[in-house]
Enquirer: 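I have a structure here, written as structure tokens, and I will follow up with some questions on it.
The figures that follow rest on heavy atoms only: side chains count, while hydrogens, waters and symmetry mates do not.
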Amino acid sequence: MSQTLGQSMSTAGHWFHPVEPPAEAGVRLFLLPHAGSGAIIYRDWAGLLPSDVAAQAVTLPGRHSRREEPTHTDWEPLFDALYDAVLDELDDRPFAFFGHCMGAQLAFRLTQRLAQEGQPMPVLLGASGWSPVGFFEPTAEQVHMPEAELVEWIKKLGSFPAEVYDDPEMLALVVPALRADLSVAAQFTDDGQGVACPLVTYGGKSDPLQERADAMSFWASRSAEYLGHREYPGGHFYIDHHAPSVTADFAGHLNRFASAFQG
């Protein structure tokens, strides 16, 4: 790729990083991060994906390069703004979504809404570390838990580098964004509906947020073209350690469906 995700982190005010996808890439991939984070969690993916795939990771308001912007604490305003941003970004190339945790929630709903409104559809949806059934659902009490308790909780999940927890300045950036995203995620309601595109899922074998052992099996009924579930050693953030395997598997599916789209 001509520009990596990491190289574009300094660009402020944009939903997608890099801001401009390489013109020579034939396929686009929108990456949606977990609660409290941003595009930086996918910083290595550009180097792992085929050169024909233009990966653009989403950064929501209130973090990283958009930290001066107010965070959203309600689902609908955030989702509407993200949906409009995606629509504005689409061109005539085939595209896909991949999301982890809250990012999977958003990618799932984006795919549904595009179909409902007769817009171009992704050729593939990848959902990681979340299922609409059997996964942790934040409560209002958890959203507003004291900071010390919240920090201990995210420590156990391993959601941020260890140095973050001992740095008050870093925590001051992380905690508000995480609270906002937990508030948003708490408002997600499952209507039992699926998506009108191929779907593949990924997860960690010992994910503490998976409250039912069969949680990921519920995805099978959400797409007529369900491609199965890939499970890896590790917890909720298994993806940090298995990105090469996940990207290879997802890219293989993406290449197949994008080629069919391009005829």
Side-chain angles (χ1 to χ4, degrees), residues 5 29-49 55 57-58 60 96-109 111 124-139 142 150-165 174 177-178 181-182 184-186 188 190 195 198-223 226-254:
L5 296 175
L29 173 58
F30 297 100
L31 302 167
L32 293 97
H34 63 82
S37 191
I40 196 169
I41 75 159
Y42 294 111
R43 61 188 175 275
D44 298 329
W45 280 45
L48 297 171
L49 290 162
V58 170
L60 303 180
F97 292 132
F98 183 98
H100 181 68
C101 192
M102 178 181 162
Q105 282 186 342
L106 290 168
F108 182 53
R109 281 287 189 255
T111 303
L124 179 63
L125 168 63
S128 168
W130 176 77
S131 168
V133 178
F135 253 79
F136 166 75
E137 298 177 13
T139 65
Q142 288 164 328
L150 182 63
V151 170
E152 282 303 309
W153 180 64
I154 60 176
K155 270 186 183 180
K156 290 177 183 177
L157 289 179
S159 52
F160 294 97
E163 59 268 20
V164 168
Y165 306 113
V174 167
L178 180 61
D181 288 353
L182 289 175
V184 168
F188 177 92
D190 178 42
V195 293
L199 165 69
V200 61
T201 62
Y202 303 87
K205 290 182 179 179
S206 54
D207 189 338
L209 297 187
Q210 184 172 321
E211 297 179 343
R212 289 181 53 159
D214 61 346
M216 299 304 285
S217 70
F218 288 95
W219 279 116
S221 64
R222 301 304 177 100
S223 172
Y226 182 55
L227 306 174
H229 179 63
R230 314 291 185 266
E231 194 170 70
Y232 298 86
H236 189 59
F237 292 97
Y238 78 94
I239 198 168
D240 292 341
H241 305 288
H242 299 284
S245 179
V246 173
T247 52
D249 185 82
F250 189 78
H253 294 300
L254 180 55

Enquirer: Can you sort out the partners of Pro208 under side-chain contact (heavy atoms from CB on, under 4.5 Å), two or more places apart, ordered by chain and number?
Expert: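 Partners of Pro208 under the side-chain contact (heavy atoms from CB on, under 4.5 Å) test: Leu157, His236.
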Enquirer: Roughly how far, to the nearest 0.5 Å, is the CG atom of Leu199 from the NE2 atom of His253?
Expert: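 These two atoms lie 10.5 Å from each other.
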Enquirer: May I ask you to test the Leu182-Leu150 pair for a side-chain heavy-atom distance under 4.5 Å?
Expert: yes
Enquirer: Distance check, rounded to the nearest 0.5 Å: Ile239 atom CD1 versus Cys101 atom SG?
Expert: 10.5 Å
Enquirer: How would you list, by chain and number, every residue that makes a ring-ring contact (aromatic ring centres under 6.0 Å, His included) with His242, sequence neighbours excluded?
Expert: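 Applying ring-ring contact (aromatic ring centres under 6.0 Å, His included) to His242 gives Tyr232.
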Enquirer: Can you name the residues that form a salt bridge (charged side-chain N to carboxylate O under 4.0 Å, His left out) with Asp207, not counting sequence neighbours?
Expert: none
Enquirer: I'd like to check Phe250 versus Leu124 (side-chain heavy atoms, cut-off strictly below 4.5 Å). Are they in contact?
Expert: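 Yes. Closest side-chain heavy atoms under 4.5 Å.
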Enquirer: Is the backbone of Leu106 close enough, under 3.5 Å, to the side chain of Arg109 for a donor and an acceptor to pair up by distance?
Expert: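 Looks like no, no N/O pair under 3.5 Å.
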Enquirer: Of all residues at least two apart in sequence or in a different chain, which pass the ring-ring contact (aromatic ring centres under 6.0 Å, His included) check with Phe218?
Expert: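 Not a single residue meets the ring-ring contact (aromatic ring centres under 6.0 Å, His included) criterion with Phe218.
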Enquirer: Test of understanding: with side chain to side chain donor-acceptor pair (under 3.5 Å), list the residues that count as partners of His229, not counting sequence neighbours.
Expert: Thr201
Enquirer: Taking the side chain from Thr247 and the backbone from Leu49, do they hold a donor-acceptor pair closer than 3.5 Å?
Expert: no
Enquirer: If I take atom CZ from residue Phe108 and atom CG from residue Leu125, how far apart are they, to the nearest 0.5 angstrom?
Expert: 8.0 Å
Enquirer: Using the test side-chain contact (heavy atoms from CB on, under 4.5 Å), find all partners of Val184 that sit at least two apart in sequence or belong to another chain.
Expert: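 Result, side-chain contact (heavy atoms from CB on, under 4.5 Å) vs Val184: Trp75, Leu78, Met102.
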Enquirer: Might you work through the side chain to side chain contact (heavy atoms under 4.5 Å, CB included) test for Phe30 and Phe98, ending with a clear yes or no?
Expert: CA-CA 6 Å; Phe30 297 100; Phe98 183 98; over 6 Å; no
Enquirer: Write down the atom of Phe135, the atom of Gly129, and the distance for their closest heavy-atom approach.
Expert: CE2-O, 3.2 Å
Enquirer: What pairs with Glu137 under side chain to side chain donor-acceptor pair (under 3.5 Å), at least two apart in sequence or on another chain?
Expert: none
Enquirer: For a quick test of reading the model, state the closest non-hydrogen atom pair linking Gly134 to Ala215 and the distance between them.
Expert: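 For Gly134 and Ala215, the tightest heavy-atom pair comes out as O-CB, 3.6 Å.
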Enquirer: Can you sort out the partners of Ser128 under side chain to side chain donor-acceptor pair (under 3.5 Å), two or more places apart, ordered by chain and number?
Expert: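 For Ser128 the side chain to side chain donor-acceptor pair (under 3.5 Å) partners, ignoring immediate neighbours, are His100, Tyr238.
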Enquirer: For His34 and Trp130, what are the C-alpha separation, side-chain angles and deciding distance, and is it a side chain to side chain contact (heavy atoms under 4.5 Å, CB included)?
Expert: CA-CA 10 Å; His34 63 82; Trp130 176 77; over 6 Å; no
Enquirer: Taking only residues two or more places apart in sequence, or in another chain, which ones meet Glu152 in a side-chain contact (heavy atoms from CB on, under 4.5 Å)?
Expert: Lys155
Enquirer: Taking salt bridge (charged side-chain N to carboxylate O under 4.0 Å, His left out) as the cut-off, I'd like each qualifying pair that reaches into residues 212-221, sequence neighbours left out, listed once.
Expert: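 For residues 212-221: Arg212-Asp214.
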Enquirer: Measuring from atom CG of Leu254 to atom CG of Asp249, what distance do you get when rounded to the nearest 0.5 angstrom?
Expert: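 Leu254 atom CG to Asp249 atom CG measures 11.5 Å (nearest 0.5 Å).
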Enquirer: Partners of Ala243 by side-chain contact (heavy atoms from CB on, under 4.5 Å), sequence neighbours excluded?
Expert: Trp45, Leu48
Enquirer: Quick check: closest heavy atoms across Gly99 and Ala107, and the distance to 0.1 Å?
Expert: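 In terms of heavy atoms, the two residues are closest at N-CB, 4.5 Å.
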Enquirer: I'd like to check the side chain to side chain donor-acceptor pair (under 3.5 Å) partners of Arg222; sequence neighbours left out, ordered by chain and number.
Expert: Asp190
Enquirer: OG of Ser131 to CZ of Phe136: how many Å apart, nearest 0.5 Å?
Expert: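 Answer for the OG-CZ pair, Ser131 versus Phe136, is 15.0 Å.
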Enquirer: Main chain of Gln142, side chain of Thr139: is a donor-acceptor contact present, judged purely on distance under 3.5 Å?
Expert: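 Pair found, side chain donor or acceptor close to backbone of Gln142.
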Enquirer: Taking all non-hydrogen atoms of both residues into account, name the closest pair between Pro33 and Ser37 and its distance.
Expert: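 What the structure gives for the nearest pair is CG-O, 4.1 Å.
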Enquirer: Over all heavy atoms of both residues, which pair between Pro198 and Ser223 is shortest? Give the atoms and the distance, please.
Expert: CA-OG, 4.1 Å
Enquirer: State, yes or no, whether a side-chain contact exists between Val246 and Arg230 at a heavy-atom distance under 4.5 Å.
Expert: no
Enquirer: As a quick check of understanding, evaluate side chain to side chain contact (heavy atoms under 4.5 Å, CB included) for Thr111 and Phe97, giving each step before the final call.
Expert: CA-CA 8 Å; Thr111 303; Phe97 292 132; 3.3 Å; yes
